[in-house]
Amino acid sequence: MAMLFLLLLFSSSLISGFTYGAKHEKEYCAMYDICGARSDGKVLNCPFPTSSVKPDDYFSAKIQSLCPAISGNVCCTETQFDTLRAQVQQAIPLLVGCPACLRNFLNLFCELSCSPNQSLFINVTSTSEVNGNLTVDGIAYYVTDDFGERLYDSCKDVKFGTMNTRAIDFVGGGANNFKEWFAFIGQKAPPGFPGSPYEIDFKSTIPDSSKMVPMNVSAYTCGDTSLGCSCGDCPLAPACSSSEPPSPPKKESCMVRIGPLKVKCLDFSVAILYIILVFAFLGWASLNRKRERRAAASKEPLLSSMDEVEADSTEIQKDGKVPRLINRFQLDGVQGHMSSFYRNYGKWVARNPTLVLCSSVAVVLVLCIGLICFKVETRPEKLWVGPGSKAAEEKHFFDSHLAPFYRIEQLILATLPDSKNDKRHSIVTDENIQLLFEIQKKVDGIRADYSGSVVSLTDICLKPLGDDCATQSLLQYFKMDPENYDDYGGVEHAEYCFQHYTTADTCMSAFKAPLDPSTALGGFSGNNYSEASAFVVTYPVNNAIDEAGNGKSVAWEKAFIRLVEEELLPMVQSSNLTLSYSSESSIEEELKRESTADIITIAVSYVVMFAYVSVTLGDASRLSTFFLSSKVLLGLSGVVLVMLSVLGSVGFFSAVGVKSTLIIMEVIPFLVLAVGVDNMCILVHAVKRQSIELPIEERISNALHEVGPSITLASLSEILAFAVGSFIPMPACRVFSMFAALAVLLDFLLQVTAFVALIAFDCRRAEDNRIDCFPCIKVPSPGGSNEGINQRRPGLLARYMKEVHAPILGLWAVKIVVIAIFVAFALASVALCPRIESGLEQQVVLPRDSYLQGYFNNISEYLRIGPPLYFVVKDYNYSLESRHTNQLCSISQCDSNSLLNEVSRASLVPESSYIAKPAASWLDDFLVWLSPEAFGCCRKFMNGTYCPPDDQPPCCSPDEFSCGYGGVCKDCTTCFRHSDLVNDRPSTVQFREKLPWFLDALPSSDCAKGGHGAYTSSVDLNGYKNGVIRASEFRTYHTPVNKQGDYVNALRAAREFSSRISDSLKIEIFPYSVFYIFFEQYLDIWRIALINIAIALGAIFIVCLVITSSFWCSAIILLVLVMIVVDLMGVMAILDIQLNAVSVVNLIMSIGIAVEFCVHIAHAFLVSHGDRGQRAKEALSTMGASVFSGITLTKLVGVIVLFFARSEVFVVSALSLCAFNSFCPFQGYKIAFCVLQVYYFQMYLALVIIGGAERVRSATKTCHHGNKMSFNFITPGLINMHNVIKNIAIHNYGKSSTTLLVFGKSVMQQPSGENSSRPGHLVQPVQFIYPCQDPSTFLIG
């Protein structure tokens, strides 16, 4: 295959001789016949001038077949012509796709070798003696610049598909103009090296005294209609002028100029919107304050009576020994039924705690039995690719019809940066190459055990052209043999091969194919390979569709990684180099390791949470009673319940056959943060707020009545939010969401069953003076009484909320500032959201100490070649009647808008198409291989069987230094004459018969177009004899992709390109690359994210609306949730957290968690009494403290622990949730005041609780005939409260319109002892029912 790329050889051996002092006139030769040969076998011409010779008819016909421009006399013998023909046949397969280029190229050497006017443009400049004969050693060849330019222009864009590059890279050394091309051809090559055996000096200027005339035979343009080239080989052809290469898209975002500054339109719009909103809000607030003051002045008598009632109530509350007043009204609808249910349920649980605890835990333990079937999915394609994925279907089609992409084992050796300028030195040195040989020796020596058999690299490696592995390494320039290093010239030979890897025979790899230096080197710019700072060694290994078929490969890969870690890494580091490495199974193995990487972190998270819960659940009492008032055992029990809920969820799904994923490791800490600890704190604090003088049953009943609905609402919202995540197509995140939703449900059920029972046990323990953690030990009551234990003073946080936080937030100026700040946060986040990039860096899903972290970093830094890209064609109809062939190919007579022409055109704008090179086309090469011009390719014996090229067995023995042209193949003929083809296209039968020949043909010097190796797996031959090829592929490369956005954009561009071509050609075509299956999800990740967030928000809104029966309350909760999510996305943009399935799940999860901040405070506000300010103050004093301590601090403590996790996924989640915890508490507290502002226009009547200094003007629920508005009170001020309500009704509707009906049982409990003089209090609710007078009546307070 080496000589095949060297078309220059013909230039050396086909030149005819001539001597000094020769005549320069027509019909006269400068050189004639062959007079000797060099030591390497290359022939040398005779420098003897002579008149041109008339050939016989047979010889003349032979000349005409190759050189139609030469007729009559010639200046070459038949032997010289046969040498010429044998040499140019190496170039014909490369250039025949563009007939104009091939004709011009042949004319150059036909004129030089056989022209009858040879002496007019050739002059011998030096001679040498070989075996006593004088031979030509140097000539001057005069050629006009016009011919040179036309020749170069016709050939410069011709493709060599097999190597995805230009043919000029092979025949011209990558020349950029005709002078460089001529200089490359004319170089005198040393013995053993390819090239001319003597110097050819191409000149265009004739000396004035000379009679010579430069050669200027007619040259064809590649756009010539008689010898037309394809658009891929000649973009400037007239037929291609209408198909201009696509221009790269202009990424110009909308900008607004403000003086010298340029601002994005979105940012400018957000700023303008914010200014408008702030001024509108300030104006509304000012008008609202004036209207409230006027309204307050007109209702003073009513307010006075209300103040008195409130004063009475306040006075009663000030006595610390009086039971705390509930003063809550009962809401109608779902919330009312829930409150009633929880009141009765709480009593039942408190009376039967053992039964409830044992039965609830038993149910969860039954679910945990499913853990016996627990399995973990670690295969990346099963974790990150959905079953309905288009990319997955395309991968399966590719693997089953063509061949799975080979497995990759890779080493990257790099130099260390200089300490002074941080610049890396070149790695191409003698010492480093010798080190590479040592490394290769150790890799070759790996012996892995697989089922009792020994596996080596040669057993599993990819071998496209023989018995040698297709290892991509710099050592291939030395045939992988260290003994060749000095013989070939060491580093100088390597640097020579960097520029001549396609032409020099000594640079050919051991597997008989050229090695592109960009695949073996890294860290260089442009084509400066000598400056490379890294060796990239790649071992392609055969791959199988099923896992069982890869057993040997996996065993070898494990041994390979062990060798690197134990031997190669110290060896490389001792040479002051770095080494990164990877195998095909590395990611899967590292994911398995990750399953245990963060066990300590998770355990620490539990310990920290347990410690915090134990402290926050306990009473802030005196040190002497700490061992009684602490809640360590209760907190530990609560954490155990959370763990049981997670295990129950995992057990259930394991039992039904759903494999767990490592991302479920997130569930454990986040469930503790999301639900478990929060509900524990809220429940315990609610019980602690009850009067200690009430029976335990009443305390628990009242606590559940108070917080049960909000806990249910928050938990149900969380469950729905998690469940929405199950719609995400990525399996890992979908399974995570399913496990999380069930775990949250189980945790909620355990909280309202088992944990409530545990609270009852703990209350009994405390009343019985038993020590926490050691309930069997009973101690005497401190100081002879339980006063220290029973006295319930508000905690520090509750006092802060009531005395500092709430009053400050109640100020109008503070309200305006708070709302303005958070609206600014939200709008700024909206402007930041477009900056969020989609993707998931590989490093994020791996442990931070994984060796793959450095490998992926080096991949981005050093690799200069992109992933392979295949355009797969389905159902290609190759029959002569079909147009498919011309619609796909890119050689002469192919359609200008064919697939391969379009790929070539797209490669001209790689910045937008992400296509680096024209495609390697088996179809183009097959048609060229069949062509009669490529007479050395498709040949047959007299019996019709395949005849290989003359330089292959059996035509040429492998032991022969050079092959002759006789022997067994002397009678071989080309497969077809032009008359056998139809418009140079084979018939259906010819195509069917010769395609297997082509795919089995080995490429060689005489025919570079053999398909074996390059196209062995490019065509699916199953069923092809019916005229349709089910699958075939055309290979090219993506541009280097280093960032996640590059991968996504490359996939999007390839799919858009294929879709456009498929629609144009009416042929099903799809792109395929190994990374598509993992990045497909990011094509519409924004749509998936927005849809799932919208569904989660919508579900929560509906749940809130159903339970609270208040549209405005639900709308405000929804608004705050939207602001929280937007703020969180803004933080993602600031912290460069990418949008992927993991972050989408976190966003949805944050919605569920944020509900707690909002719902509990909103619910507390709804059921509080007083005016708006007082209700907000009471909500923050009671529930605000619980929310902050039980939710905010709990999550913050747990999330901080995640910073120390070894998995980047935890760290990213921790950053997100830390930001989330920063926003949510303030948003949650702000909701109380947001509720006030919106409810100022319309509020549910049940919110109107009389009291306070300000008058509430809110429209409320419409009353209908027969409807009743009810209020439930547990208050010592029963008569006063009734009077207040009655006064309100009289004030608004007149005395005659109000009827008071009292239902319920009034049970007065008279205190005893020193407090016997205190008034009694109600322990049963009394219900006041006020029938509405008119359906259109609104009660205005």
Side-chain angles (χ1 to χ4, degrees), residues 349-350 352-372 374 598-618 630-654 660 664-685 687 700 711 715 718 739-740 742-766 770-776 1189-1191 1194-1195 1197-1198 1201:
V349 173
N352 305 279
T354 304
L355 174 63
V356 174
L357 179 62
C358 294
S359 58
S360 58
V361 172
V363 171
V364 177
L365 290 177
V366 170
L367 294 178
C368 292
I369 297 176
L371 292 172
I372 299 174
F374 178 76
D598 292 312
I599 289 179
I600 296 178
T601 303
I602 302 301
V604 171
S605 177
Y606 268 112
V607 171
V608 172
M609 292 303 308
F610 163 66
Y612 176 77
V613 169
S614 300
V615 173
T616 192
L617 293 184
S630 66
K631 307 289 184 184
V632 175
L633 186 59
L634 182 62
L636 176 62
S637 302
V639 173
V640 171
L641 291 180
V642 173
M643 295 175 63
L644 285 176
S645 66
V646 175
L647 294 176
S649 175
V650 175
F652 172 80
F653 283 109
S654 297
S660 299
I664 289 176
M665 295 291 291
E666 283 191 277
V667 174
I668 297 175
F670 292 153
L671 280 180
V672 174
L673 304 176
V675 179
V677 177
D678 309 340
N679 288 346
M680 285 192 291
C681 290
I682 291 172
L683 283 169
V684 172
H685 289 170
V687 172
I700 294 178
I711 287 179
S715 299
E718 286 176 323
F739 278 64
L742 180 58
V744 172
L745 175 60
L746 293 176
D747 186 65
F748 165 69
L749 295 177
L750 287 175
Q751 295 295 336
V752 297
T753 55
F755 190 71
V756 173
L758 290 171
I759 292 176
F761 281 126
D762 188 73
C763 290
R764 292 179 182 179
R765 173 198 62 77
R770 296 183 181 274
I771 298 177
D772 189 22
C773 296
F774 302 98
C776 296
S1189 62
I1191 301 178
T1194 299
K1195 289 178 175 58
V1197 169
V1201 177

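Of the possible donor and acceptor atoms, one in the side chain of S645 sits under 3.5 Å from a partner among the backbone N and O of V642.
Rounded to the nearest 0.5 angstrom, E718 CD and L745 CG are separated by 11.5 Å. In this structure, CG in L683 is found 5.0 Å from CD1 in I759, a value given to the nearest 0.5 Å. The line from CG of D747 to OG of S649 is 11.0 Å long, rounded to the nearest 0.5 Å.
The ring-ring contact (aromatic ring centres under 6.0 Å, His included) test applied to F653 returns F739, not counting sequence neighbours. Partners of A760 according to the side chain to side chain contact (heavy atoms under 4.5 Å, CB included) rule, which considers only residues two or more places apart in sequence or in another chain, are P353, I700. Scanning for side chain to side chain contact (heavy atoms under 4.5 Å, CB included) contacts around L355 gives W348, N352, with sequence neighbours left out. Looking at residues two or more places apart in sequence or on another chain, you find a side chain to side chain contact (heavy atoms under 4.5 Å, CB included) between L367 and F652, L746.
Residue C368 is tested with L647, V646, V650 for a side chain to side chain contact (heavy atoms under 4.5 Å, CB included); the sole match is L647. For the side chain to side chain contact (heavy atoms under 4.5 Å, CB included) with F755, the qualifying choice from V356, V349, L634, L750 is L634, the only one to do so.
Side-chain contact between V363 and L749: absent, with no pair of heavy atoms (C-beta onward) separated by less than 4.5 Å.
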Residue pair L365, L644: steps toward the side-chain contact (heavy atoms from CB on, under 4.5 Å) verdict: CA-CA 8 Å; L365 290 177; L644 285 176; 4.0 Å; yes
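Between R765 and R770, the shortest heavy-atom contact is NH1-O, 2.6 Å. In terms of heavy-atom proximity, V744 sits nearest to S715 at CG1-O, 4.2 Å.
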